[in-house]
Novice: 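I am attaching a structure below and will ask some questions about it afterwards.
One is the number of the first residue; the rest follow in order along the sequence. For ligands, and for the atoms within them, numbers begin at 1 and follow the listed sequence.
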Amino acid sequence: MLRMNASFMLVTLAVLKALAVAQGSNPSVMIVLLVRNKETYLPYTLSQLSRLDYPKERLALWIASDHNQDRSAEILHTWLERYSLPYLSVEAFVNASSPSLRPDERSAVRLSPGRLRAVGDMKQEALKRARTLGIDMVWFLDADVVLHDRSVLRRLQSVRKPVVAPMLRSAGGYSNFQPSIGRTSPQEEDAFPRIYSGRVRGCFAVPLVRSCVLMDLRDPRTASLTFVSQSCELQREVETLDDAVALAISSRNSGLKMTVCNGEDFGLTPVPLSPTQELKDEWQNLLAMKLETLIDHPPMSVVPLMRLFLPPPPTKSRLGFDRIYVIGLGRRPERWRRLKACFDEIGIEAVRMLAVDGRKLTDEFLEERDIHPRGEGRKRFINKGEVGCSLSHYYIWRDVIKHNLSRVIILEDDSHPSADFPARLRQLVDEVDRLRPEWHFLYLFREAAFPDDFEPVEGSEHLVRPGFSYTTLAYALTRSGAETLLRDDPLKNLLCVDHYIPLMSGEVLFSEWMEVYPSAGTLRVYSGRENIIEPVKRIGEHGFVSDCTEVDDLFGEVSYGNEVEECNMETLT
Ligand SMILES: *[C@@H]1O[C@H](CO)[C@@H](O)[C@H](O)[C@H]1NC(C)=O
Ligand SMILES: *[C@@H]1O[C@H](CO)[C@@H](O)[C@H](O)[C@H]1NC(C)=O
C-alpha cells in the first residue's frame, strides 16, 4: 500500500468519524478512486462526486494516486482540501513524488504486469479496509467515468444485487461489461449488442463488470470476492488479467452473478487508450464524451474550484469558410443551445439564422412576397413545414449573395458534430478544391435514395458525385452555388428544398419542373463518400422531431394565424 506523501499529510489525514451515526435508509458506502494521469477528467469526475445525491456523511472516500506525470495529484489535493470535510471518512494516499513510470513500465499508456498487480493490490487493500470499518457497500469508481444522473448511487442500491454496475457507453461502442470472461461463445456474443443497444432493458446477469461497480458487503456472498488473481482455467483465455477479470473469476468461483443495468442512460466511459496512443489523446476522448453528453443531457460542468484546472476554451474558427449558418426555429432555442455548446467545445464560430416557422405561415405572408409554393406531380400540396424549411434555406442563399460571401456552411440545428468534424471537413474541402475547384454545393450529410448511387471522383479518397439524395441537414455552398440556386427565382415555384437541390443538380423527378427551372442540372454537387456530420437523432429514434416534415397542415386548405416570424440573423457569441 502507498503511504501518504508528507506534503499531503494534513489534508489527507484519515478523519474517521463515528460510524454509529444515525443510519436511516442510507447504507454507508466507501467510494474507491484510483487515479493515475487523469487530469483531463478529474475536474469533471470530482465535481460529480461533490454533486452526488447522497448524504456525504454516509460516504467514505478511499483514494490512491501515484506515478503521475500530469496534474492529477495537484487536482486531488485541491479538491480534497476544499470538499472532503463532510465525508464520513477520508483516506487518501497521494504520492506526488513517485516517478512517472513503474520499474517495469515503458510508457504510461501500456499496461505492465507490475501495474496490473499494483492496481489489484490497491483495490484489495480498499476492500479490506471497508470490511474492517464495517462499511455497508463499496463503490469502485474509475476516475474517468462520467455519470449523467446524480442519483445513480441510489439507483444502483435499489437494484439489490451483491455486485452491480450501471451500463456505460463510449464513443467506440465499448462498454463496461463483458458477455464472458474468457473466450466468448456465439450465444454470449449476441448478448452484448442486445444489452448495449438497449433492445432489451433492465438488469442482467453478466460474468464481468468494471469501471463503476457497487459491491454490497452486507451480502454474505461477497465475503470471498477478491481483486487478487486466483488460479482458474479461464486465466489462460484472458488477454489481460486485470483487477476486473480477477474479480470476475472470484465471483464465478463463489457462484455469484454480477449485474449490469441499462434501464436508463447512466453515463459514459472513454475508450481505453491503445498502446500506440499518448496521454494527450485523452483530451480528444474527453471532447467526444462532452459532445455525446450534449445529445440528451446538460453540458458537463465543474464545481467552481475545479475551473482552475480546465484548459482555456479552444480558439474559435470558421474552418476556412466566410460564415457558418445554423438554421433553427425561434421556438426551439434548446437546439441552438445544444449545437452552440458543441461548437464552443470544438472551437467553431457560427451564426444563428431564425427559420421561417411553417406553423406560423399565412397566405398573406406568401402573397405579400409573391411566394408560390408548388406541389409535385399529382400531389398539389406542399406542407407548411416544408415551405418554412425551403424559405429558410432560400433566405440564407440570398444572404450569401447580399454579403458577397465566397463560401459558407449551412447547418440545420439538429446537426450533431463529432470531435473529428473539423479535421474531416478540412480533408473533404481540400479534395474538392483541388479536384473540382468549380464546385457549388457539397453535402456534409446526405441520405442517399439508393445506397450505391454515386460516382467516384477520379483521384479522390473522400469525394463523390452523389445520386439523388435527401436532406439539407448540412452542406457547404459557394457564391456561384448560391447564384445558381437563385437564378430561376425559386419563390415563383417554391419546391420542397429536399427536391429542389437534386433537381438543380440534374435529378429530375417531374418533367414539368424543367419548364420552370431552365437552370436545372447546372448545380455542381459533390459529397463526402461518408457523412462527416450526423443528425442528433435519426428518424425513428426516440426523441426525433422533424419540423420540416410535420404533416399536419397543407397549403391551400386552411387559413392560419397572423403571427409571422421573418428570417433575421442573430450573431450570438
Ligand atoms: C512515493 O513513491 C516513491 C517511489 O515509488 C517511494 O519511494 C516513496 O516512498 C513514496 N512516498 C510515500 C510518502 O509513500
Ligand atoms: C465579391 O468578392 C469578390 C472576392 O471574393 C470580389 O472579387 C468581388 O469584387 C466582390 N463583389 C462585390 C460586388 O463586392
Novice: If the criterion is any heavy atom closer than 4.0 Å to an atom of ligand 2, which residues make the list?
Specialist: Asn404, Arg479
Novice: Hey, which atoms in ligand 1 end up nearer than 4.0 Å to a heavy atom of Asn95?
Specialist: 1 (C), 2 (O), 3 (C), 8 (C), 10 (C), 11 (N), 12 (C), 14 (O)
Novice: Which residues pass the side-chain hydrogen bond (donor to acceptor under 3.5 Å, both in side chains) test with Arg465, sequence neighbours left out?
Specialist: none
Novice: Return a yes/no value for Ser97: is any of its N or O atoms, backbone included, closer than 3.5 angstrom to an N or O of ligand 1?
Specialist: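 In fact, backbone or side chain, Ser97 has no N or O that close.
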Novice: For Gln124, what residues pass the side-chain hydrogen bond (donor to acceptor under 3.5 Å, both in side chains) criterion, not counting sequence neighbours?
Specialist: Thr226
Novice: Should the pair Phe93 and Trp62 be assigned to parallel (<30°), tilted (30 to 60°) or perpendicular (>60°) ring geometry?
Specialist: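 Geometry flag for Trp62 against Phe93: tilted rings.
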Novice: Tell me the closest heavy-atom pair linking Cys212 and Ala165, and the distance in Å.
Specialist: O-CB, 3.2 Å
Novice: For Thr45, give me all partners under side chain to side chain contact (heavy atoms under 4.5 Å, CB included), at least two apart in sequence or on another chain.
Specialist: Tyr41, Leu42, Gln48
Novice: Does a donor on one side chain sit under 3.5 Å from an acceptor on the other, for His416 and Asp414?
Specialist: no
Novice: Using a 4.0 Å cut-off to any heavy atom of Pro99, which atoms of ligand 1 qualify?
Specialist: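 Reading through ligand 1 atom by atom, the close ones are 4 (C).
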Novice: For the residue pair Arg487 and Ser519, confirm or rule out a side-chain donor-acceptor distance under 3.5 Å.
Specialist: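 Distance-only check fails for Arg487 and Ser519.
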